[in-house]
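Take a look at the structure below.
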Amino acid sequence: MLYFVPIFIPTLNTPMLKNLVIVESPAKAKTIEKFLGKDFTVKSSFGHIRDLSKKKLGIDLEKNYKPEYVVNSDKSKVVDELKKLSKDAEIIWLASDEDREGEAIAWHLSEVLKLDPKRTKRIVFHEITKTAIEAAISNPRSININLVNAQQARRVLDRIVGFEVSPILWKKVKPSLSAGRVQSVAVRLIVEREREIISFKTDNFYKVAGLFQGDARLKAELNSRMSTREEALNLLEQCKSAEFMVSDVTKKPSKKSPAPPFTTSTLQQEASRKLSFSVGQTMTIAQRLYEAGHITYMRTDSVNLSATALDAAKEVIVKEFGDKYHKARAYKTKAKGAQEAHEAIRPTYLDRQKISGSSGEQRLYELIWKRTIASQMSDASLEKTTATIDISNSKSKFIASGEVLLFDGFLRVYFESSDDEGEETTKDLLPPLKAGDKLDAVEIIATERFTQRPPRYTEASLVKKLEELGIGRPSTYAPTISTILARGYVVKDDRDGVDRKYQVIQLKKGNITENQKVEVHGAEKSKLFPSDIGMVVNDFLVEHFPKIVNFNFTASVEKEFDDIAMGNMEWTTMIDRFYKPFHKDVEKTLKESDYTKGERILGKDPKSGKPVLVRIGRFGPIAQIGESEEKDGEKPKFASLLKGQLIESITLEDALELFKLPRTLGDYEGKDVVVGVGRFGPYVRHNSKFVSLKKTDDPITITIERAIELIEEGRQKDREKYIKVFENDPDTQVLNGRWGPFIKHKGNNYKIPKGTNAHELTHDECLKIVENQPATNGRKGKSAARKKSK
DNA sequence: CAGTGAGCGAGCTTCCGCTTGACTT
């Protein structure tokens with residue numbers, strides 16, 4: 001008998017790996033590796049490693065909605081590496097976030113890497129500290145498949161909505177449009193807000209304020225508004241002969257408490273209000289701070305601070321401001337659908353009040369530091385004083401109010417801004433007063449005021465609203481805004497204010513005088529406006545898919561995802577119940593709805609008597625005189641709408657103005673100066689050269705002087721366009737572009753390496769750069785450009 | 001910088017959530 005003795009040959013080329021830990025982010029991997037020691041290798045999956053196919057629906061409707069997952073090409077490298085490492089590892093620790101998406105990442109990893117369940121452990125930790133990670137390691141569990149299924153339901157539902165509704169828009173409205181559970185609601189909010197603004201009727205009223213003299217001077221406001229000018233005049237008339245007496249003085253203590261630490265959405269809001277950052281800017285800067293190790297993770301909906309952070313905050317506050325400024329506080333996350341996988345956004349080291357970096361990084365960091373520290377500080381305490389001043393011959397009363405800050409508390413470092421556009425009334429200390437004091441009226445002024453229309457959304461206030469509705473996630477707020485801007489549903493724009501007259505009635509020394517004053521009102525900066533296409537698409541969706549664009553749709557499906565996560569429902573059952581009626585709506589809409597142009601008839605053209613209408617044309621919104629089907633043999637006339645004009649709200653007069661373009665302004669250097677509106681907006685044409693009008697110019701009202709200014713500006717730019725041309729090689733040039741100098745060679749563009757002076761480039765150096773660099777497309781490579789932007 | 005959806009027509013576009021670079025005319 002022969003015995004085979006097994007021989008173990010140690011694999012020399014691949015040293016046995018004891019522990020492989022996989023997390024989502026490389027920055028997180030780096031910090032964790034430090035805590036775990038040499039027996040642990042920590043790698044990152046860079047988020048999800050696979051997804052439904054980009055091109056196809058990727059869901060088998062015949063096989064009970066079976067998802068067809070693919071590893072994206074930009075993830076194959078990561079996946080290959082993890083595969084290799086996991087083969088050699090004794091134990092694989094899946095340490096992605098504890099929420100739905102994190103669980104799915106762990107599951108996809110175990111599927112794709114074909115992990116052996118016996119060697120695979122699922123762990124979660126809530127903060128990145130040695131103790132928390134060690135605790136997690138000693139409490140492993142297995143993958144929670146119910147939670148994974150809730151994620152699959154979420155993913156499949158979003159794919160079905162997006163990929164079945166978008167193509168309807170391509171057919172019925174315009175190619176390349178899109179619809180989705182999140183973006184379509186975001187657009188709806190903006191469209192509906194604009195309609196509220198369009199239909200808003202301003203009301204006027206009179207606010208009455210008095211300046212009184214007792215032992216000292218004080219200001220007071222009338223306790224009621226006067227609704228008409230007559231009423232205001234009457235009151236002032238009465239005040240002429242009235243006596244004023246303090247009837248009551250009340251002092252009341254009050255408190256102010258700090259706001260909770262930052263989440264993604266509150267950081268975006270405050271950075272927008274205090275630093276004027278866009279939502280995208282805030283996230284890019286926060287990402288850099290995170291990668292540099294300055295702050296905790298920036299995509300979170302949690303307001304929780306770790307125990308170590310609380311200790312550190314206390315230490316800083318006590319040291320900097322003293323004991324009585326510290327108050328330990330725990331905050332609860334109230335956002336709908338919050339998943340609390342992370343901490344709030346806070347400085348990693350709270351004893352660092354400032355960091356080095358770009359000015360944006362420094363300012364954002366400081367904001368985060370202040371907010372975090374303030375959240376662990378004492379209340380501010382105030383004393384509010386209210387004095388009532390009676391008018392002897394009227395029931396109305398004047399109210400004077402003042403405020404004293406008794407203890408500043410958290411206000412010492414931070415106060416939260418608000419979105420309110422209304423005028424802030426700063427309250428000061430009142431002079432000493434007591435009931436029975438007689439006062440003289442120095443002057444009493446009634447000022448005409450106006451009711452405020454609802455405000456337009458900023459990027460940040462839209463995020464706030466979406467979060468309140470439970471729509472979208474911290475990782476998607478910024479991309480959602482980019483999407484609705486990219487589709488052209490929404491534009492971010494400024495508006496100049498317009499002059500508004502208002503009446504001021506003054507009573508002084510027994511005389512009543514009346515003045516008219518002018519104020520600028522309605523100016524807007526970086527606000528979100530709906531476009532015509534945004535409004536048309538919104539109306540189309542509201543009509544045919546009311547359920548999808550309902551503000552509560554996400555909240556109601558979230559409930560069902562929770563049921564799935566609890567194991568109370570099969571995910572495919574939930575999807576089936578949604579899909580069956582939804583798909584019927586899809587087919588019905590495809591069959592029955594018309595091509596949508598958003599047409600609106602404004603009236604009749606006084607010259608020809610033909611109807612004037614506005615609608616969406618092939619190249620954007622247009623005004624049209626006459627019917628498209630030529631009854632009298634005459635073709636209709638067309639004119640593009642100007643920026644800021646909406647099909648919804650344009651007047652007949654404004655539309656008729658458009659037909660006056662293009663118009664000749666006059667003569668310059670013996671050639672006509674013509675203003676018109678073309679493919680790229682309003683322009684001035686002179687000597688067959690085109691110059692675009694600036695944002696503040698209006699083609700309807702522009703003067704010849706201004707037009708000449710623009711022509712000269714254009715010439716100046718042309719002169720600066722060419723940095724270098726080479727006599728014997730017309731194919732190679734150094735040009736000045738939007739992003740600085742670049743090399744143009746045979747229709748392609750090439751970047752100039754950093755640190756190179758473009759003005760000193762020789763012909764040979766240019767060709768060298770061209771050779772060593774892949775061409776970025778010039779104007780020809782349209783398809784290549786599209787592919788690159790994925 | 002013109003045109004203003006059926007003058008012929010292939011093939012393309014699109015979702016939401018996780019994550020970082022690569023790269024922008």
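So you know, we letter chains A, B, ... as the sequences are listed, proteins then strands, and number each from 1.
Among the nucleotides B/dC18, B/dT4, B/dC15, the one closest to the side chain of A/Glu101 is B/dC18. Candidate nucleotides B/dT13, B/dC15, B/dC18 were compared by shortest atom distance to the side chain of A/Asp99, and B/dC18 ranks first. Across B/dT19, B/dC15, B/dT13, the shortest atom-to-atom separation from the side chain of A/Ser475 is found for B/dT19. For A/Phe638, the listed nucleotide lying nearest its side chain is B/dT4; candidates were B/dC18, B/dT4, B/dT14.
Heavy atoms from other residues, nucleotides or ligands lying under 6.0 Å from NZ of A/Lys172 number more than 12.
Taking the ring axis of A/Phe551 as reference, the NZ or CZ atom of A/Arg188 stays within 45° of it and closer than 6.0 Å to the ring centre.
By the criterion of a centre-to-centre distance under 5.5 Å and near-parallel planes under 30°, the ring of A/Phe163 forms a stack with the base of B/dT14. Ring stacking holds between A/Trp170 and B/dT13, with the centres under 5.5 Å apart and the planes within 30 degrees of each other. Where stacking is scored as ring centres under 5.5 Å apart with planes under 30°, A/Tyr683 does not register as stacked on the base of B/dC1.
Remark: the A/Ser176 side chain and the B/dT13 base include a donor-acceptor N/O pair separated by less than 3.5 Å. Residue side chain A/Arg155 reaches the base of B/dC15 through a donor-acceptor N/O pair under 3.5 Å, judged by distance alone. Residue-to-nucleotide contacts include a donor-acceptor pair under 3.5 Å from the side chain of A/Arg154 to the base of B/dC16.
In this structure, A/Gly180 reaches the sugar-phosphate backbone alone: every heavy-atom distance under 4.0 Å involves primed, P, OP1 or OP2 atoms, never a base.
A/Ile59 pairs with exactly one of A/Tyr579, A/Tyr65, A/Phe163 by the side-chain contact (heavy atoms from CB on, under 4.5 Å) rule, that one being A/Tyr65.
Between B/dT19 and B/dC23, the distance separating the two P atoms is 23 Å to the nearest Å. Only the P atoms considered, B/dC8 is 16 Å distant from B/dT4, to the nearest whole Å. Comparing B/dC12 with B/dC16, their P atoms sit 22 Å apart, to the nearest whole Å.
In terms of phosphate contacts, A/Arg487 brings a side-chain nitrogen or oxygen within less than 4.0 Å of OP1 or OP2 of B/dC15. Within the structure, a side-chain polar atom (N or O) of A/Arg473 is placed less than 4.0 Å from OP1 or OP2 of B/dC18. OP1 or OP2 of B/dC15 sits under 4.0 Å from a side-chain N or O of A/Ser178. Close to B/dT19, at under 4.0 Å from its OP1 or OP2, lies a side-chain N or O of A/Arg299.
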Exercise. Just the dot-bracket of DNA chain B, please: which string comes out with Watson-Crick or G-U pairs under 3.5 Å, [ ] for crossing, | for another strand?
Worked result: .........................
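Mapped onto DNA chain B by nearest heavy atom, A/Ser692 and A/Gly620 fall at different nucleotides, with A/Ser692 at the one closer to the 5' end.
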